[in-house]
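A quick note: this is a predicted structure, and the numbers were derived from the prediction, not measured. Every number for a ligand or one of its atoms is a count from 1 in the order of the listing.
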Amino acid sequence: MTDHIAALPTDRDPVLRVMPMPADLNPQGDVFGGWIMAQVDIAGAIPAMRRARGRVATVAVNSFQFKQPISVGDLVSFYAEVASVGRTSVVVDVEVYAERHPENPIVVKVTEARLTYVAVGQEGVKREIPPQP
Ligand SMILES: CC(=O)SCCNC(=O)CCNC(=O)[C@H](O)C(C)(C)COP(=O)(O)OP(=O)(O)OC[C@H]1O[C@@H](n2cnc3c(N)ncnc32)[C@H](O)[C@@H]1OP(=O)(O)O
């Protein structure tokens, strides 16, 4: 199965786009997995907060797959969508793509993840997800 695609998705917009810096590399010279996980958590929280209409806390990383490495100089785009909504929780799917080699560009899907966020109030106590407006 190839993860190389011709272009970024055109049916949705990324919630986050960032270029990793040399400080984000592991000793092998690829981007550190923890950096990717942090960005995925931030990206997933964006649609979760919009759906919950307020603060959320990450309660679980349900799945996380590093499919291809990310290198310094790659432009990394995070696409995040609500997969399901519970009483107090929102499940979000995140897909991550890297645009490599601007002189001869290719797009590679590098990571897929599913995370669960819980709507919380000011005291950090869970609250119900409000109905869709
Ligand atoms: C801002 C940040 O993101 S910080 C990142 C780190 N995250 C945190 O610090 C959060 C720490 N955790 C907490 O504060 C608490 O666990 C809370 C507030 C998130 C949840 O409070 P609890 O009373 O334990 O919640 P409870 O067990 O009832 O579960 C709440 C919801 O999460 C879901 N949930 C809980 N654990 C899991 C899990 N492991 N996987 C999937 N869903 C889960 C439940 O099914 C429930 O969903 P529903 O109401 O839609 O049916």
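Under the 3.5 Å distance criterion, the side-chain polar atoms of Tyr117 are matched with a main-chain donor or acceptor of Asp41.
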Which N or O atoms of ligand 1 sit under 3.5 Å from a protein N or O, and how far apart is each pair?
| unit_1 | atom_1 | unit_2 | atom_2 | d |
| --- | --- | --- | --- | --- |
| ligand 1 | 3 (O) | Thr58 | N | 3.1 |
| ligand 1 | 3 (O) | Thr58 | OG1 | 3.1 |
| ligand 1 | 7 (N) | Thr58 | O | 2.9 |
| ligand 1 | 23 (O) | Lys126 | NZ | 3.4 |
| ligand 1 | 28 (O) | Lys126 | NZ | 2.5 |
| ligand 1 | 47 (O) | Ser89 | OG | 3.1 |
| ligand 1 | 49 (O) | Thr88 | N | 3.0 |
| ligand 1 | 49 (O) | Thr88 | OG1 | 2.6 |
| ligand 1 | 50 (O) | Arg87 | N | 2.8 |
| ligand 1 | 50 (O) | Thr88 | N | 3.0 |
| ligand 1 | 50 (O) | Ser89 | N | 3.0 |
| ligand 1 | 50 (O) | Ser89 | OG | 2.6 |

Test side-chain contact (heavy atoms from CB on, under 4.5 Å) on Phe66 and Asp30; report intermediate values, then the result. CA-CA 12 Å; Phe66 298 103; Asp30 295 316; over 6 Å; no
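For Met49, the side chain to side chain contact (heavy atoms under 4.5 Å, CB included) partners are Val56, not counting sequence neighbours.
Grouped by direct or indirect side-chain proximity (heavy atoms under 4.5 Å, Ile/Leu/Val/Met/Phe/Trp/Tyr only), Leu75 sits with Met19.
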Using a 3.5 Å cut-off and no angle test, enumerate the donor-acceptor pairs between side-chain atoms of residues 76-89 and protein atoms at least two apart in sequence or in another chain.
| unit_1 | atom_1 | unit_2 | atom_2 | d |
| --- | --- | --- | --- | --- |
| Ser77 | OG | Arg17 | NE | 2.7 |
| Ser77 | OG | Arg17 | NH2 | 3.3 |
| Arg87 | NH1 | Glu128 | OE2 | 3.1 |

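Between Glu99 and Val107, some side-chain heavy-atom pair lies under the 4.5 Å cut-off.
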